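Keep in mind the model is a prediction, meaning the values are calculated, not measured. Quick note on labels: first sequence line is chain A, next is B, and so on, each numbered from 1.
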Amino acid sequence: MRGALLPLLVLATSLVPAVVIFFLSEHAWRTRTAINIAGAVGKLALVAYMLDSVAAGAEYELRFPLVPGLDFLLRVDALALLFVTLSAALWLLTTIYAIAYLGEGPHQSRFFGFFSLCVAATTGIALSGSLITFFIFYELLTLSTWPLVVHRGDGESFAAGRKYLAYTLGGSTSLLLGIVWLEGLVGPIEFTRHGTLAGLDSATLGICFLLLVGGLAVKAAIVPLHAWLPAAMVAPAPVSALLHAVAVVKAGAFGILRVVLDVFGIGLVQAEGLGVPLAAMASLTILYGSLRALAQDDIKRRLAFSTVSQVSYITLGVALAGPVAAVGGLVHLVHQGLMKITLFFCAGALAETLHIHKVGEMDGAGRRMPLTMLAFSIAALGMIGVPPVAGFVSKWYLGVGGLQAGQVWVIFVLAGSSLLNAAYFLPLVYRAWFVPPPGERAGGWTPLLAREGHWGLVLPPVATAAVALAAGLFAAVALSPLGWARLIVARDYGL
Amino acid sequence: MPPVAAPEAGFPWIVLAILLPLAGMVAALPLGRHARALALLLIPAGLVVALLLAAQVWREGEVTYALGGWTPPLGIALRADGFSAVMVVTTAVVLLGVALFAQSSFRAPPGEETRAALLFWALLLGLWGALNAAFLGNDLFNLYVALELLTLAAVPMASLEARAETLAAALRYLFFALAGSVLYLLGAVLLYGAYGTLDITLLAERAGPEPVTWAAAALMTAGLLAKTALFPLHLWLPPAHAGAPAAASAVLSALVVKASFFLVLRLWFDALPGVMTAAAGQLLAALGAGAILFGSVLALHQVRMKLLVAYSTVAQLGYLFLMVPLAGGGGAAQPWDAGAWSGGVLHAVSHAFAKAAMFLAAGLFLRAAGHDRIAELRGMGAALPMVTLAFGLAGLSLLGLPPSGGFIAKWLLLTTAMASGQWWWALVMFAGGLLAAGYVFRALTPLLARTETPVLPGRPVPRHQQWAVLGLALCSVALGVAPLMPFALLQVGRPEAAEEGIG
Amino acid sequence: MTATLYGLTGAALVGIGLYGLIVRRHALRRLLAFNLLGSGVFLLFGAVAERAGPGGDPVPHAMIITGIVVALAATALGVALVLHLARETGRAEPDPPEG
Amino acid sequence: MTAALPWLALGFPVALLLACLARPVRAHMLALLPVAPLPALATALSGPVGLVEEGPWLLLGMALALDATGAVFLGATALLWIAAGAYAAAYLRGKALAERFAAFWLLTLTGGLGVFLAADIVSFYLSFALVSLTAYGLVVHEETARAHRAAFIYILLALSGEICLLLGFMLLAAAADSLLIAPAVAALPDSPWRDLTLLLLVAGFGLKAGLVPLHVWLPLAHPAAPTPASAVLSGALVKAGIFGLLRFLPLEAGMPAWGEALALAGLFTAFYGVAIGVTQSNPKTVLAYSTVSQMGLVTALLGVALAEANAGVGAAAALHAAHHALAKGALFLAVGVVAATGRDRLGWVLAAAAVLAVALGGLPLTGGALAKLAMKEPLGEGYVGRLAGLTSVTTTVLMVHFLRCLAATAAEAPAAAAPRGLVVPWLVAALAALLVPWGLHLAGEEGALAYALAPAILWEQLWPVLLGALIALALARWVRLPALPEGDLVVLGEGTARRVAPLLRPPRIAPPPLRPRRGLTLALTRAERVLREWPAAGLSLLAVMLLLGASVALLP
């Protein structure tokens, strides 16, 4: 019984705060903060407990029939836990950050309510054990994110919100069509029952794969379905962090992981030749996103296009359909989250504290906000793939995995992407550290002038950057993201 | 012969469900300003009766009751299967919400004019009785009476605010509804002439495919469609529903149109399953598809919120008719039987909750802002957060997105459509969902917009009204979280045609 | 024979009533058309009852009476609405003039 | 204890850097610079250690090792790092941004030492990347326009080099299915991607070592950095490239074609560096070109070894590297010393610099001579060997040119004296440059001393130096050389880039104008108006009825 209760508890730690916060008065700042933090810490504790037991081979399951044959199914397996852990940890930090970022702004109950709901949906996505449960939470995520995207309530936000909805709802339609089609043929699809699709003909499989992955690709921001993501960067920084690192984009990528690994199965994907086109699309996205990022002058837009590029690494990893590459994709799910959230935290802090929004305004930022920019630099270097930051580990596994899967071109995609990443990240780092701030002579640096923002804006990025660094430096530890990804792949491939 | 419930087989809740409201209506008329108190007393009681009836159906299976002990064809029978029970309970719950909402709008403090208040509560009770009669009747003529009673209660309700345009709308409504009733009656006459009975159970045994039944089926269906406002017969609905007071609109849109839909299903699945053809099913579904697309696009371009909601009703009614050709489709891969039928009915139920909530919410915005022009409702979300939330939750169900009753319903319909190879209906449903997203979010967008100065409601909005709206919206969501109970109840006494299909 | 005559008359009334209901703009005319339509149906019902044999079938008779009551109520409601409308607008045409 | 030393060597600088997060430590950051490489020196002195896999939880499973060659590289560079560190402490005292410099210094140091200690590919790559990227901070440090330009070109090429290496390493690891360097290199000749791997590796390492035409960053970056940084860049960091080639070329298996190509490239670089170098006037730039030339020579040596499957070439290369590191480092430091020294005291400084400089050309009895001696045999008697011998002449030419340029940069005040903080580290480095090669040479086979002192050998080494000096003087006297820009070829590249860049900028696409109402909507709105007409509604009712009737009656 406790086994069945745990997934529900994990879900409840963000769902219950969400509901409670909705009904709190706008002025109940202290209560709201307490509930938020308590939920986040509670979730983290539960996740930590489960990490330990799942590593030892335990699996939790909660089944609740909605109508006969349509089960609401939560399952905790290693892959689910990878995502849950990421979202739980980043939720805590993002909450701290958001509390500091929003300060005294209006509509906070609404904001934090949907914020928690968003995380609940993400948790649900991670824990769902069947396609339909996945879809339920996937949609919940779409809807709970919209109010966050339009939180500023101005014309630009609503335009972004409209774009966001148009894309994501279109994507969900495709996804639902795919699910309905498949389930119409073979009945309910659960992630543990492999091989249910084996009897279908190639055309149906191909179309359904296209529908499912095409639908998920919207959230995963695969070109040409990515346009909502850069538009959505008008949202407040914590929301961007959530969109780009924790929830939305990740949900899409995670969905693709599930579809490839657990719905179709690697074997079927390979046999039907579905992996290579997907890998090609992912590669195209990787390069296109980077190229577009290069041309952006707005820091957050640049980061947004960078996400477009980086998230496709995850897709690329699973699409290559080899164990090593899959490890690369899986581990990038975590690594990208850590690094990208750091970047967005920092961008938000820069905007809040120094009113820096454009690349050209970054001059000397490192001298004025050394800790923030240190975190930023670590994350940026990680994105480029510089060891020992986590991004390197992902790239290494993707490259070696691609080679072992016989796809030599992959390493050139990685190389091109790394160069482009460097080309759009390094100028920021360079300006921050090696160009004197406006109004200061070259070569002058008085550290006393440094003025970091509120501690709530500094601690989260520093923490995530430290974790990103540690994830790369201690990658070989069993409980590191890499170790966990290896565990997943070992179990999935029956190695 | 169908088994007739002996009086001692169980308490006749089925009779009480009809008698209670009708008696209430009669009693309300002389009560004047106290009609409200009576209604507020009766409606919760009615909910209890409805639940007891449902429990009876759940425990004992289909409940039939011969009025006065006379069995058909001589007597008149009432029958409650799972479908009826679900609808009766839905009605009671929606009415409870509406009554809670209306108890302050339609009250007549001593010294004030009582006409509107008396009329509203009396009509509400009458409408309720007519609805229950329609859901529980097993005799086509009885059903005709129920339908007429419904019309006679609904039309004045639509014109409670006696403005020129609402009066005109009500008249159009009345004429169209009457035309529909007459067509229905004509069909019933033909059936009686051919088979000598109007009892549904007996008809199902006797009626065969021959010209008389064909004509009767066509007449009755067309008449019922006119009352359901299925595209292209929807002309009367938007002005009538949008012009009525919020509480009235909610009842009209949520429940009244469902009664005639209910009768279509009774006719097709229970009374004449052998007569209907697959082609007719496709025709009905085509009209439904037309309604979905047409209604949604028009809803998308409405300037006023209540009209938007009304056109959304036109669209949502379309989904109900998609189930007709899908029933019996592709059950092999699915672990459930009669998916499309159950899905259609669940859709009717969840739409009832959602639409009631939406109309009430629209009414509150209208009350607070003094108008319901969508673009000018900026900042209302901050002023009425709970109502906005309710509007959003109800919208969830209309979109067919989880977690909501609308999603479960749509899921059942979709899987059947795909499994039976009728993918085109699935595409229509998808398109409808996207369009619904368009109009729901178009309405939500200005509500959530941030304004320079906080918007204050022009007239205060009582808290209990907000709770009533939210409660109804939550019902539609709850149906998506725990649909198992209504789903199982639906299967009691399910017509065979629901599983095997029509034609 | 009477049954057939009833039936034919009823059918004719139904036709006329339908025509009037569809074509006429004035609310009172429509109301009258509806009553014609209703009467036609009742006549048909009478014919059906007649066919059942000598003495006829009592059930249709009961139904016709009920139907007449219902139609009466509907007509009353209609007239009330028309009066109201005429008082508000000075016209008895429910359709918006621009169509 | 010895097993822990390599870890200490790498961990110590990092620990010092972390300690600098504390404000009191940060105040004395510069003083840490000469201390940081001490454990590395101790490691090198304690001699080779086998594979140490004590870090399986680090990176992808980190392993360190130190063989004899590595020990020489490590020891020599550690010495240079110590000397340059002490020099930097004095050089930057009280200057702005010294803390930033120190931080980058420590990071570069860690990477520079790690290259020689890494036993697995990932650690090697990490170290290499650390060197390449953090050296940027040293190059750009002065934030002048020149420094910015040099640093930009440096980082551009360094990143390209990194990418090449990363791809090469991926190919290597994927083919061998091992992350340890030794088995991976052993498996390289059988790899399906052998040539691609070699190409990428040679490009990556060649870039670091300044192999023409990948050398363009070097003459820009080395002079642009503050003097102590120049010393380590040119003395220690380029060795990472050479060491990389030594480690990753399959010298045991041998590859004639690749070896020959590499040897030719190396030789070309050796002469090219000199040819461009003599046209320069900035002493630091001349030294940088000299480095290019010298690294070309070693590359040629490695090429020959690859062609002939001579795995024993490591000792010779190490000896040359040790000498070059210390001598070149000391020469760079000398530039700073000279700049602070007035004409009155210049004599002995120049004399010492002259010995160091000409030692690079192989002046007998110096470390340079021993290095040339060691390389003589592996280079062989072929044309490569003979051409390599000629480099003694050309190097001397360049070095004499350097001394002339150096003399011109003395401080204006005739009595100015370089502070002790600069002079002492410089002298230590210079002394080490003379003594360390002897130590290494004598540690070799018996009779090494006698061999090195044999008159024939001495003469063989002396005449090229004399010839070179004569040519240099002749050049200075009679030939007017053109003044080529620093970084030669890079100017072409920059010009092209300037012209191409605007073309790459994406064109601005104006958003399409919004159409007020789309056709479908308009049509539907009209249709609705028609349907709402009463007669239309009535007719639709009839139509629906008839259609239903027809479909029930006529269709199945």
**Over 12 non-hydrogen atoms of neighbours within 6.0 angstrom of CZ in F152(D)** = no
Give, as side chain, backbone, both or neither, the part of [X] having an atom under 4.5 angstrom from any heavy atom of chain D.
| X | value |
| --- | --- |
| L219(B) | both |
| L300(B) | neither |
| F231(B) | side chain |

**Asked** Are side-chain heavy atoms of V552(D) and P209(B) found at a separation under 4.5 Å?
**Response** no
If you measure from [atom1] on [X] to [atom2] on [Y], what distance do you get to the nearest 0.5 Å?
| X | Y | atom1 | atom2 | answer |
| --- | --- | --- | --- | --- |
| L183(B) | L542(D) | CG | CG | 7.5 Å |
| L548(D) | L284(B) | CG | CG | 5.5 Å |
| S540(D) | L287(B) | OG | CG | 10.5 Å |

**Asked** Measuring heavy-atom distances to chain B, does A527(D) have an atom under 4.5 Å in its side chain, in its backbone, in both, or in neither?
**Response** both
**Request:** Report yes or no: does T277(B) contribute a side-chain atom to a donor-acceptor pair with the main-chain N or O of S551(D) at less than 3.5 Å?
**Result:** yes
**Request:** Select all residues of residues 302-310 of chain B having any heavy atom within less than 4.5 Å of some heavy atom of chain D, and report them by number, or 'none'.
**Result:** none
**Message:** Quick check: under 4.5 Å, non-hydrogen atoms only, which of residues 154-164 of chain D neighbour chain B?
**Reply:** none
**Heavy-atom pair with the smallest gap, counting every atom of L541(D) and A226(B)** = CD1-CB, 3.7 Å
**Prompt:** Looking only at heavy atoms, what is the nearest atom pair of A537(D) and L235(B), with distance?
**Reply:** CB-CD1, 3.3 Å
